[in-house]
*Asks:* 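The structure that follows is given in the form of structure tokens.
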There are 2 protein chains.
Amino acid sequence: MPLAHRVPDLGALELLLAVARLGSLGRAAKELGITQPAASGRLRGMERQLGVALVERSPRGSRLTDAGVLVTDWARRIVEAAEAFDAGAQALRGRRDARLRVAASMTIAEYLLPGWLVALRTQRPDTAVSLLAGNSTAVAARLLAGEADLGFVEGLDVPPGLDGTVIGHDRLVVVTAPQHPWARRRAPLSAGELAATPLILRERGSGTRQVLDAALAAHGGLAAAEPLLELASTTAAKAAVVSGAGPSVISELAIGEELAGRRLVEIPVADVPLRRALRAVWPTGHRPVGPARDLLGLTRSRPADA
Amino acid sequence: MPLAHRVPDLGALELLLAVARLGSLGRAAKELGITQPAASGRLRGMERQLGVALVERSPRGSRLTDAGVLVTDWARRIVEAAEAFDAGAQALRGRRDARLRVAASMTIAEYLLPGWLVALRTQRPDTAVSLLAGNSTAVAARLLAGEADLGFVEGLDVPPGLDGTVIGHDRLVVVTAPQHPWARRRAPLSAGELAATPLILRERGSGTRQVLDAALAAHGGLAAAEPLLELASTTAAKAAVVSGAGPSVISELAIGEELAGRRLVEIPVADVPLRRALRAVWPTGHRPVGPARDLLGLTRSRPADA
DNA sequence: CCTGAGTCATCAGTCCAGCTTATGTCCTCA
DNA sequence: TGAGGACATAAGCTGGACTGATGACTCAGG
């Protein structure tokens, strides 16, 4: 039942990628710091596990089979996710002597920052980053106290005492399970319908909730209905929607995978501007320099509203 | 150096997700088929490895810490990639009694099919799928020989003897390393410039190459310059571009990760329609039924040109 | 032809990570 | 106050993965 028994472990996947890149078991082994027999055995084990030959061995080297090419590309996805994990985890470990201290809102820390950190690492391998995640107020406090060099917040305004620049936008989307009647609508949802429907929402005070309330209020003074369910985390809300409990309004950053896998369906909405800016922020007058400036450059060159 | 030593293995990540979902070490352990002490030890090991407390234990159960929430979300990315890997690998194993036999072009098999298979599995858990990857001709041959139930091809036309439906589009994009002068251009690239520049390309005969040639020819009869480098796989071409060898034209499906991580930069092009249709195909008159129809439904509801 | 430098496979032996079983501690609830 | 659930700890086992040595094979060059 558990996935781990059917999918090779990370070491084996890295080995496969190295073999694909270097064209030789022995060289791949050396790169990973193991011996050639270990690599040979490991690759053999992976092929036995998958029931498919991945590599064509010859006395002149090794090449991927057709199946091997496919498997290698799928493996690369896993390894890239692992790299993002590693970059995030290293930042989270947060040693005090870190040269770049970042404070970020939860959504940005979860979905955007790991990718930025991977990119930063290829550009500045020696920059140690520490990460602190919290809400906008906490981010502002850290910056003003000099405990962070650069902050990232989502929301409608820049906290007082800070300067900032918009680095992208986060759209809130209405989602349901594919079985929900809304998933078969042809016409977009109206603001009135949305306001009148009990939704699955984060607790009051969350950024998502604020934006939704503000957007409905701006649009003819509507007030959202009492929530169907109030949950503490985005993940819990997603799970509730997937299981068919009802519709919800969630950041598009959080639901890419679910939309792709058709576990969730986006419902178009008319006339309700459910966007919020994503901003990099810093104490007024202290424009980012050094590694903070590098990181800022990475974030700006890729708008987050793709 | 190797990633595997710094990232917990898949089993540990699954355990973390289960704990987050179930709120108890013991229940999570039972779900994964291990004992509670094993789960306890494993979680402790993971926390030691990351240097961060992930779970708050109490005699009434376990909840994630703030850091735990972040780590769990990053872990979920890895596990989802592993699910896609698993779905693809099972199909590749291709037992003869598979109820649904799919033949797909390389690009679709690599980048789109695993996601579809994961979705199909939640919808029809008992459908065994087998996968055969090859070029358009091979896909057509398998279908006409009755050796496959459903095919997927990318390209300009439907192979003779087959019916089909467009399920999305694949855009070819011009990419360079971020250091390349083109990355700093303001104006889009003209067709003439593109045609005049030696590029890193797949070998002649590949689908990518055909589309590029056709698009340039259609646009004022231009012919592409001699390639700078001819490589056998998309992956090799990507690697060459990333390392700064020169610009290339690659399917956008293949470079999502690289664009996000700023290892590659997309260069806008004026007036050259580098699109190709992605089609599901089947033998004329044999409209898909049963599981093939289910799979087709999944692919159509999510256009691949997002 | 040999020979040396590559490749990969096989074998035997060691070692450790992770498992299980058994038990202890703490809290909560009836 | 005792039962039950949740987690931790301890002891012992086992299998998987590693190393190091060796052998088979191919190719290029004297």
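Proteins get letters first, then strands, A, B, ... in listed order; numbering begins at 1 in each. Only this structure's heavy atoms are used, side chains among them; waters, hydrogens and symmetry mates stay out. The shown structure was predicted, so the numbers you read here are calculated from the model rather than taken from an experiment.
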*Asks:* Looking just at side-chain N and O atoms, do A:Thr65 and A:Glu56 make a donor-acceptor pair shorter than 3.5 Å?
*Replies:*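 Checked: A:Thr65/A:Glu56 side chains show no N/O donor-acceptor pair below 3.5 Å.
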*Asks:* List the residues meeting salt bridge (charged side-chain N to carboxylate O under 4.0 Å, His left out) with B:Arg60, not counting sequence neighbours, and say none if there are none.
*Replies:*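 Salt bridge (charged side-chain N to carboxylate O under 4.0 Å, His left out) check on B:Arg60 returns nothing, list empty.
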*Asks:* Does C:dT10 have OP1 or OP2 sitting under 4.0 Å from an N or O in the side chain of A:Arg44?
*Replies:*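 So the side chain of A:Arg44 is within the cut-off, an N or O lying under 4.0 Å from OP1 or OP2 of C:dT10.
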*Asks:* Using five pairs at each end of the helix from C:dC1-D:dG30 to C:dA30-D:dT1 to define an axis, what is the angle between those two axes, to 10°?
*Replies:*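 The two end axes of the helix from C:dC1-D:dG30 to C:dA30-D:dT1 meet at 10°.
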*Asks:* Which of these, B:Val249, B:Leu228, B:Ile250, sits in a side chain to side chain contact (heavy atoms under 4.5 Å, CB included) with B:Ile200?
*Replies:*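 That would be B:Leu228.
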*Asks:* Between the side chains of A:Thr122 and B:Arg263, is a donor N or O closer than 3.5 angstrom to an acceptor N or O?
*Replies:*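 No donor-acceptor contact under 3.5 Å links the two side chains.
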*Asks:* Does OP1 or OP2 of D:dC25 have a side-chain N or O of A:Ser58 closer than 4.0 Å?
*Replies:*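 Negative; the distance criterion is not met.
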*Asks:* Under the criterion side chain to side chain contact (heavy atoms under 4.5 Å, CB included), which of B:Leu54, B:Val7, B:Asp9 is the partner of B:Met46?
*Replies:*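 Exactly one option meets the side chain to side chain contact (heavy atoms under 4.5 Å, CB included) with B:Met46, and it is B:Leu54.
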*Asks:* Is any side-chain heavy atom of A:Gln90 closer than 4.5 Å to one of B:Arg6?
*Replies:*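 Yes, side chains in contact.
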*Asks:* Can a side chain N or O of B:Ser40 be found less than 4.0 Å away from OP1 or OP2 on D:dC7?
*Replies:*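 Result: no.
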*Asks:* Taking side chain to side chain contact (heavy atoms under 4.5 Å, CB included) as the criterion, tell me which of B:Val71, B:Leu16, B:Asp73 meets it with B:Leu64.
*Replies:*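 Exactly one option meets the side chain to side chain contact (heavy atoms under 4.5 Å, CB included) with B:Leu64, and it is B:Leu16.
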*Asks:* If you compare every side-chain N and O of A:Ser24 against the phosphate oxygens of C:dT7 (OP1, OP2), does one of them come in below 4.0 Å?
*Replies:*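 True: A:Ser24 side-chain N/O within range (under 4.0 Å) of C:dT7 OP1/OP2.
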*Asks:* Measure from the side chain of A:Arg42, starting at C-beta and using heavy atoms only, and say which of D:dC18, C:dT21, D:dC7 lies closest.
*Replies:*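 The answer is D:dC18, which lies nearest to the side chain.
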*Asks:* So, OP1 or OP2 of C:dT21: does either fall under 4.0 Å of a side-chain N or O from B:Thr35?
*Replies:*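 So the side chain of B:Thr35 is outside the cut-off, no N or O lying under 4.0 Å from OP1 or OP2 of C:dT21.
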*Asks:* With a 4.0 Å cut-off on N to O distance, would you call B:Glu47 and A:Arg93 a salt bridge?
*Replies:*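 Looking at A:Arg93 together with B:Glu47, the answer is no, because their closest N to O distance does not fall below 4.0 Å.
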*Asks:* If you go through the side-chain atoms of B:Gln36, does one of them form a donor-acceptor pair with the base of D:dA6 closer than 3.5 Å?
*Replies:*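 By the distance-only test, no, there is no pair.
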*Asks:* What are the atom names and distances for every N/O pair under 3.5 Å that joins the protein to nucleotides 28-30 of chain C?
*Replies:*
none

*Asks:* Looking only at the side chain of B:Pro37 (C-beta and beyond, no hydrogens), which of the listed nucleotides D:dT9, C:dA9, D:dT19 gets closest?
*Replies:*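 So the nucleotide nearest the side chain must be D:dT9.
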